[in-house]
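Below you'll find the structure, written out as structure tokens, and then a few comments.
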Amino acid sequence: RAGSGDLSSTPAPQIEDWLRKHRDLAVEVDDRCKPARDKADANWAATTEGRVCTAARNASMFYRQYHNPPKPKGDTFGPGLH
């Protein structure tokens, strides 16, 4: 529904490339994949679901780090703070 087309025969790198252009969707898909990823068997990564989930994990990785940086613990100093 998001416009990616049929992914049943699309390799993971092409899915990841598309998801990198739709980062919010990559994060959402990665979150939805967690239950399946936790219970996946060895062949799961070769399935359509597995390829999409792997691509979503890779595409959302740096997006999450940039948009959700870790919160500092305790007293910290940063640029411009005195």
Side-chain angles (χ1 to χ4, degrees):
R1 292 185 296 185
S4 65
D6 180 17
L7 300 175
S8 62
S9 62
T10 306
Q14 281 78 5
I15 298 170
E16 183 178 335
D17 181 57
W18 187 87
L19 285 169
R20 286 184 186 278
K21 298 171 188 162
H22 302 87
R23 298 288 177 131
D24 291 339
L25 182 60
V27 170
E28 180 183 338
V29 170
D30 184 43
D31 289 342
R32 289 182 179 208
C33 287
K34 184 170 177 19
R37 187 181 294 114
D38 290 345
K39 298 176 184 175
D41 63 15
N43 190 46
W44 180 74
T47 67
T48 301
E49 180 183 49
R51 289 192 316 275
V52 169
C53 289
T54 298
R57 165 65 51 101
N58 292 341
S60 68
M61 188 180 318
F62 294 108
Y63 181 84
R64 287 181 190 268
Q65 290 176 354
Y66 179 76
H67 289 284
N68 300 315
K71 303 227 186 271
K73 296 178 182 175
D75 293 335
T76 60
F77 298 93
L81 299 176
H82 297 28

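The shown structure was predicted, so the numbers you read here are calculated from the model rather than taken from an experiment.
Listed by first and then second residue, the salt bridge (Lys or Arg N to Asp or Glu O under 4.0 Å) pairs that reach into residues 46-58 are D30-R57, sequence neighbours excluded. Identified under the disulfide bond (SG atoms under 2.5 Å apart) test for residues 18-56, with sequence neighbours left out: C33-C53.
The two residues A56 and A26 have their closest heavy-atom pair at CB-O, 3.6 Å. Nearest heavy-atom pair across R23 and R20 is NE-O, 2.8 Å. Across all their heavy atoms, V27 and S60 have their closest contact at CG2-CB, 3.6 Å.
Here the CD-NE2 distance, from E28 to H22, works out to 12.5 Å after rounding to the nearest 0.5 Å.
By the salt bridge (Lys or Arg N to Asp or Glu O under 4.0 Å) test, D41 is found to be paired with no residue, residues two or more places apart in sequence or in another chain being considered. Applying the side-chain hydrogen bond (donor to acceptor under 3.5 Å, both in side chains) rule to K39 yields no partners; only residues at least two apart in sequence or on another chain are considered. Scanning for side-chain hydrogen bond (donor to acceptor under 3.5 Å, both in side chains) contacts around S8 gives D6, with sequence neighbours left out. With sequence neighbours excluded, the residues satisfying side-chain contact (heavy atoms from CB on, under 4.5 Å) with T10 are L7, Q14, I15.
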What do the steps show when you test D38 against K34 for side chain to side chain contact (heavy atoms under 4.5 Å, CB included), and what is the final call? CA-CA 6 Å; D38 290 345; K34 184 170 177 19; 3.0 Å; yes

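L25 and V52 fall within a single hydrophobic cluster, where Ile, Leu, Val, Met, Phe, Trp and Tyr are joined by side-chain heavy atoms under 4.5 Å apart, directly or via other members.
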